[in-house]
Amino acid sequence: MVVTRFAPSPTGFLHIGGARTALFNWLFARHHGGKYLLRIEDTDRKRSTDEAVSAIFGGLKWLGLDWDGEAVSQFERRARHAELANQLLAEGKAYHCYCTPEELTEMREAARKAGTSWLYDGRWRDRDPADAPAGIDPVVRLKAPQEGETVIQDLIQGEVRVANDQLDDMILLRGDGTPTYMLAVVVDDHDMGITHVVRGDDHLTNAFRQYQLFQALDWEIPAFAHMPLLHGSDGAKLSKRHGALGVEAYRDMGFLPEAVNNYLLRLGWSHGDDEIISREQAIEWFDLDAVGKSAARFDMDRLTSLNAHYITQATNTDLVDLVMPVIAEKLDGNVAPEAKTRLNEGINSLKERAKTIIELAENSVFYASHRPIEITPKALKNLDEDGRDIVELMRQKLDEFGDWSEEALETGARDLAAERGYNLGQIAQPLRAALTGSTASPSLFEIMQILGRTETLARLDDALQRST
RNA sequence: GUCCCCAUCGUCUAGUGGCCUAGGACAACGGCCUCUCACGCCGUAAACGGGGGUUCGAGUCCCCCUGGGGACGCCA
């Protein structure tokens, strides 16, 4: 059975690149009917926070990337990690190294000057422990092979090989006895039964070291799949260090999780010419062989366009629920009691005009505002003397209107326009300003119908009473 | 610096030696529709980084160059 995992370190929010890694792991597992596990890599106690853990949980839930079983805390498994390091020590596959951090820094500096690679030289590898200086807590290093090469058959990158003399003896246990990431990852992946390690390209070089560790432990080595990194629009690495946003930031900008998922899926993966891909189809179609090898840049326009599509596809009730809180905030809580009823009716034609939930809310406020509604300066220009004359005429005509349906209202407006020698466009804009406070909106007559006779007439009166 | 990876329109990509005078999508631009704004529809512009091979034939295979990215922590 396929078992994948997503293993973020809780040092910040779930950023968009991490979300993509999670998605691919999730899809791969679901496609193969396997399991997708979550492991929090919190061994760095200084940088790990509980807030970050909940941000990651929240982000994954928002995206609908549910994990199987309980999330594993790497930190809590430290005793197990140390146990294996000690086992390797006992087997002579690892050794104590008494170099101080300063000593290592010097070595690196020297190598940099000499133009050679900055690797640990293995000076304690075969040295007699009796030489150990006093007062230094040694680290434990893996006695890695020094000759030959390590070859990985990566499911995405293909065969990747590196000479073993390019890999130094990695630290397994720190001076204080705590396990390093390299050790923890290997032990946890093994213990959790991970069959496929799907992660970012930036881990490719780690994979070689981990491969060596797996070998030293005599464990079966999982399949590796290193996916290309996500870059910013400038082409540079998109990481949390470079200000990449967390998924919740996209939620707050008014993006739908469906859109984010679809967008992320198509970054580095494709299925012919298909662009709009449902979750069900993604599960059916997704596999690692269609993942590309080159890095992709983050493109807000594309995400936005996808979002506009998914807003169109969303149910009206979901949309209203999403939009109401945003509107309430915009109105400082002064939401008209009829707001939700009006929105339920009006959202359908509003939703194809918005690319984000925020935009949808902005375009919808006029349904939720108390009178007199706010009118934008631009719209106000349509309520000059001529404009008010038109509103006045329409107001009179409407007064005697019996049938308050969208169709009847439009007919009435067209008749009025014809009588007075206007075209519909000329009379529509002043009315729109009075009714919506804006220069752009869905059909005027739909709005009148939804607002109802009383409110419509009142808004018209409000406009007439305004002095410009 | 050392090692590794990558390279098709501005962006995401299709393309697995002939179907490619390179397809789709987003963005851009023009038009149609129209009560405004959108939607929708129609159309335009836009790419195989360069050089060598291999082959009857190369975007597709190989090599070099160039460009980009990543990794080189007692971080993960």
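Quick note on labels: first sequence line is chain A, next is B, and so on, each numbered from 1.
Rounded to an integer number of Å, the gap from H271(A) NE2 to G24(B) C1' is 14 Å. As rounded to whole Å, 15 Å separates atom C1' of C4(B) from atom CZ of R199(A). Atom CZ of R266(A) and atom P of C26(B) are 12 Å apart (whole Å). Following rounding to the nearest Å, I276(A) (CD1) and U13(B) (C1') show an atom-to-atom distance of 14 Å. One atom, CZ of R297(A), and another, P of C6(B), lie 18 Å apart when rounded to the nearest Å.
Comparing A14(B) with A22(B), their C1' atoms are spaced 10 Å from each other, to the whole Å. Separating the P atom of C3(B) from that of G73(B) is a span of 16 Å, rounded to the nearest Å. Across C6(B) and A25(B), the matching C1' atoms stand 23 Å from one another, rounded to whole Å.
If you check distances only, the side chain of D273(A) does reach the base of G23(B) with a donor-acceptor pair under 3.5 Å. For a distance-only test at 3.5 Å, the side chain of N206(A) qualifies as a donor-acceptor partner of the base of A76(B). Contact of R302(A) with A27(B) (side chain to base): no donor-acceptor pair of N or O atoms is detected under 3.5 Å.
In this structure, the nucleotide among A76(B), G69(B), C4(B) sitting nearest to the side chain of M182(A) is A76(B). Picking from C12(B), A71(B), C35(B) the nucleotide with the shortest atom distance to the side chain of A296(A) gives C12(B). With C74(B), A76(B), A7(B) as the choices, the nucleotide that has an atom nearest any side-chain atom of Y181(A) turns out to be A76(B). With distances taken from any side-chain atom of L267(A) to the nucleotides C74(B), C4(B), C12(B), the minimum falls on C12(B). Comparing C72(B), A76(B), C12(B) against the side chain of T43(A) picks out A76(B) as the nearest. Across A25(B), G73(B), G70(B), the shortest atom-to-atom separation from the side chain of E275(A) is found for A25(B). For L204(A), counting side-chain heavy atoms from C-beta on, the closest listed nucleotide (A25(B), A76(B), C4(B)) is C4(B). The side chain of R414(A) sits closest to C35(B) out of A76(B), C12(B), C35(B). Here A27(B) is the nucleotide among A76(B), C35(B), A27(B) with the atom lying nearest to any side-chain atom of D301(A).
At a threshold of 4.0 angstrom between heavy atoms, the contacts of V139(A) include nucleobase atoms, whether or not backbone atoms are also involved. Contact annotation for H226(A): no contact, since no heavy-atom pair falls under 4.0 Å across all strands. Heavy atoms of C99(A) sit under 4.0 angstrom from at least one base atom. Within 4.0 Å of T304(A), counting heavy atoms only, lies no atom of the nucleic acid at all. Contacts of G200(A) with the nucleic acid, taken as non-hydrogen atoms under 4.0 Å apart, are absent.
With a cut-off of 3.5 Å on both pairing distances, A76(B) has no Watson-Crick or G-U wobble partner at all. Base pairing of U44(B): its partner is A28(B), meeting the Watson-Crick or G-U wobble criterion (both donor-acceptor distances under 3.5 Å). Nucleotide A22(B) forms no Watson-Crick or G-U wobble pair with any nucleotide shown, as no partner meets the under 3.5 Å limit on both distances. Pairing for U60(B) is absent, judged as Watson-Crick or G-U wobble with the two contacts each under 3.5 Å. The partner of C33(B), taking Watson-Crick or G-U wobble pairs whose two distances both stay under 3.5 Å, does not exist in any strand shown. Base pairing annotation: A71(B) forms a Watson-Crick or G-U wobble pair with U2(B), both donor-acceptor distances under 3.5 Å.
No side-chain heavy atom of S305(A) sits less than 4.5 Å from a side-chain heavy atom of K355(A). With contacts defined as side-chain heavy-atom distances shorter than 4.5 Å, the pair R80(A)/D191(A) qualifies.
Regarding contacts with the backbone of G73(B), a side-chain N or O of R108(A) is found under 4.0 angstrom from either OP1 or OP2. Using a 4.0 Å cut-off, some side-chain N or O of K293(A) falls inside it from OP1 or OP2 of C6(B). Neither OP1 nor OP2 of A76(B) sits under 4.0 Å from any side-chain N or O of R39(A).
Using a 4.0 Å cut-off between charged nitrogen and carboxylate oxygen, K293(A) and D201(A) do not count as a salt-bridge pair. Ion pairing between R279(A) and E258(A) fails under the 4.0 Å rule for side-chain N and carboxylate O. The pair E419(A)-K397(A) counts as a salt bridge, with a side-chain nitrogen and a carboxylate oxygen less than 4.0 angstrom apart. Between E392(A) and R388(A) there is no salt bridge, since no side-chain nitrogen of the basic residue lies less than 4.0 Å from a carboxylate oxygen of the acidic one. R78(A) and E76(A) are not joined by a salt bridge, as no carboxylate oxygen comes within less than 4.0 angstrom of a charged side-chain nitrogen.
Judged by the 6.0 Å and 45° rule, R20(A) forms a cation-pi pair with F24(A).
Each of Y98(A) and G272(A) has a nearest nucleotide on RNA chain B; the 5'-most of these lies closest to G272(A). Remark on RNA chain B: of its neighbouring residues Q426(A) and F208(A), the 5'-side contact belongs to F208(A), judged by nearest-heavy-atom nucleotide.
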Just distance, no hydrogens or angles: give the donor-acceptor pairs under 3.5 Å from side chains in residues 140-149 of chain A, sequence neighbours left out.
residue, atom, partner, partner atom, Å
R141(A), NH1, D169(A), O, 2.6
E149(A), OE2, R161(A), NH1, 2.1

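The structure places CZ of R459(A) at 9.5 Å from CD1 of I375(A), a figure rounded to the nearest 0.5 Å.
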### Query
What string of B, S and - do you get for nucleotides 36-41 of chain B 5' to 3' if you count protein non-hydrogen atoms under 4.0 Å?
BBBS--
